[in-house]
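The next block holds one structure in the form of structure tokens; read it before the comments.
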Amino acid sequence: MSPSTSAEDLGIDLADPVTLVRSDLDDVFRHLRREHPVFLHPGTATRPAFWVLSRYDDVLSVYKDAATFVSHRGNMLTSLLDGGDPAGGRLLAVTDGPRHTALRAKLLKSFAPRSLQRVADRVRRRADERVAAAVALGTCDFAAEVAEDIPMGTICDLLGVPPSDRAGLLRLSKQALSSDDADQTAEDAWLARNDILLYFAELAEIRRAEPRDDLISTLASIEVEGAVLTEDEIVLNCYGLLLAGDETSRLAMSGAVWTFARHPEQWTALKEGMAQLPTAVEELLRWTTPAMHVGRTAARDVEIGGRTIRAGDIVTAWNLSANRDEAAFTNPDVLDLTRSPNRHLTFGYGPHFCLGAYLARAEITAVVDALLRRVGEIEPVGDPEPVYSTFLRGYSGLNVRLGPAAGMAR
Ligand code: HEM
């Protein structure tokens, strides 16, 4: 096809959330990798065109070259198409250059495995309790009854949100995101987001006066480039953690369970010790890829795959496709819980590599570990309910029957 190939010709619109729940999405990306690895996705009367990079090596080169492919205008297709992320330059993920490096360096300590031991212990306890309760029920909606509050509880532990405030924050967070609620209005979502920001502003004020060993206190006290963070920056970065770490991890957990339900032979083999748990978790992360793409803006003209991307163009790099690239993985469309090495791009790469990767891995490992100890058979009950998003992939509703493991009472 010629460079003028349109979205209609391919039969897809990657800016439409409905496209991304298509059952043949993997075929679409296989075709793009083979025929149009650097594809200019046409715009419409109301939105600009954008580049779609689908090969592993090209996606990696975008992640590595943060001077050319910048994040401050937004790192997701939706915000880039809407004219840019209003948190640009203030929220870590959408900040570039020395300020990003300096802010990230200050936050790294809070995300290091050593600092997270207490949080990780609670993750294991929480996962075990939730899985035990689900087994007792027999049939459950795994997304709502097990996965729902594990990541949120974890981020609240990390930030230092008092237990009494958590239920309210979870409710607001769901309203603010709304990817699985058809009745939710844009105004409800906006109001909920505002309430969350106000909540964090008040908590940051309290912690600034009386610091504790938590991330809000860190954000309220650190100096970046010679000055403390503004209230806006503190609040946006608190909220940013909810956005970055809640739904992604929930989708990965539910995705793992759905994967086991669809591949009972792999589940049985894992139970029989065929693969090490950390190796299996990496393959589940590759297989589920909850964050489908990252978005960037080209800061200068640059050539990739024989095509010229102009300064100012929107570039999307598809983790989803990179993780299934036959040039990077042997038998990429085969789930192989023993796969090693496994250089998936589920957490990105380079300067913006996911700050919560250790925590996310701890959460998914804790859930799979609890399943291995407590569950025998995992059977799907009906079809799962997908989330509708151009960025996230997975299920907001996932009914499964969890049979007790041999020797475990229901
Ligand atoms: C960045 C994915 C869990 C916090 C990223 C990026 C990806 C990603 C792809 C790179 C974004 C970019 O390059 O623009 C995921 C997935 C998760 C997960 C798939 C779960 C399975 C978490 C958790 C937290 C977190 C649990 C925190 C509690 C962050 C932050 C960044 C980030 C703060 C920005 C880092 C920076 O810009 O320097 N994540 N994430 N993530 N993630 Fe995660």
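Start at 1 and go down the list; that is how both ligands and their atoms are numbered.
Shortest contact from atom 37 (O) of ligand 1 to any protein heavy atom: H352 ND1, 2.6 Å. With respect to atom 12 (C) of ligand 1, the closest heavy atom belonging to the protein is R296 NH2, 3.4 Å. Looking at atom 24 (C) of ligand 1, its nearest protein heavy atom turns out to be G356 CA, 3.4 Å. Counting only heavy atoms of the protein, atom 6 (C) of ligand 1 lies nearest to F347 O, 3.9 Å.
Closest heavy-atom approach to atom 30 (C) of ligand 1 among the candidates I364, V94, L355, L116: L355. Summarising the contacts of atom 29 (C) of ligand 1 with G350, G295, A244, the nearest heavy atom is found in A244. In this comparison of G394, S249, C354, the heavy atom closest to atom 1 (C) of ligand 1 sits on C354. Between atom 2 (C) of ligand 1 and the options T346, N75, T248, the minimum heavy-atom separation is to T346.
Counting only heavy atoms from C-beta outward, the side chains of T154 and E363 approach each other to under 4.5 Å.
Note on ligand 1: Y349 sits outside its first shell, no heavy atom being nearer than 4.0 Å. Within the structure, the closest approach of P151 to ligand 1 does not fall below 4.0 Å when heavy atoms are considered. Using a 4.0 Å cutoff on heavy atoms, H100 counts as a contact of ligand 1.
Which parts of ligand 1 touch V294 is read off a 4.0 Å heavy-atom cut-off, strictly below it: atoms 11 (C), 12 (C), 13 (O), 14 (O). Taking every non-hydrogen atom of G348 and a distance limit under 4.0 Å, the qualifying atoms of ligand 1 come out as 9 (C). Within the listing of ligand 1, atoms 34 (C), 37 (O) sit less than 4.0 angstrom from a heavy atom of A93. Those atoms of ligand 1 with a heavy atom of G245 less than 4.0 angstrom away are 22 (C), 23 (C), 24 (C), 26 (C). Applying the 4.0 Å criterion to heavy atoms of Y63 picks out, from ligand 1, the atoms 13 (O).
In R104, the part holding a heavy atom less than 4.0 Å from any atom of ligand 1 is the side chain. For M292, no heavy-atom contact with ligand 1 is shorter than 4.0 Å. Contacts of P351 with ligand 1, taken as heavy-atom pairs under 4.0 Å, involve the backbone alone.
Using modelled atom types, one finds a donor on one side chain and an acceptor on the other under 3.5 Å when comparing H100 with H352. The closest side-chain donor-acceptor pair between T279 and R339, if any, does not fall under 3.5 angstrom. Between R208 and S221, the side chains place no donor N or O within less than 3.5 Å of an acceptor N or O (distance only, hydrogens not considered).
Checked by distance only, ligand 1 and S71 stay at 3.5 Å or farther apart across all their nitrogen or oxygen atoms.
Stacking of R286 on the aromatic ring of F329 is recorded, both the 6.0 Å distance cut-off and the 45° axial limit being met.
Between W318 and F29, the distance separating the two ring centers is shorter than 6.0 angstrom.
Counting non-hydrogen atoms of neighbouring residues, nucleotides and ligands closer than 6.0 angstrom, the CD atom of E225 exceeds 12 such neighbours.
Minimum heavy-atom separation, K271 to L372: NZ-O, 3.0 Å. Minimum heavy-atom separation, L285 to T346: O-OG1, 2.9 Å.
Salt-bridge check for D27 with R30: passed, with a basic side-chain N closer than 4.0 Å to an acidic carboxylate O.
With rounding to the nearest 0.5 angstrom, the CZ atom of F200 is 11.0 Å from the CG atom of L236.
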- Message: Between R55 and D325, does the salt bridge (Lys or Arg N to Asp or Glu O under 4.0 Å) criterion hold? Intermediate values first, please.
- Response: CA-CA 6 Å; R55 286 189 181 162; D325 188 342; 5.6 Å; no
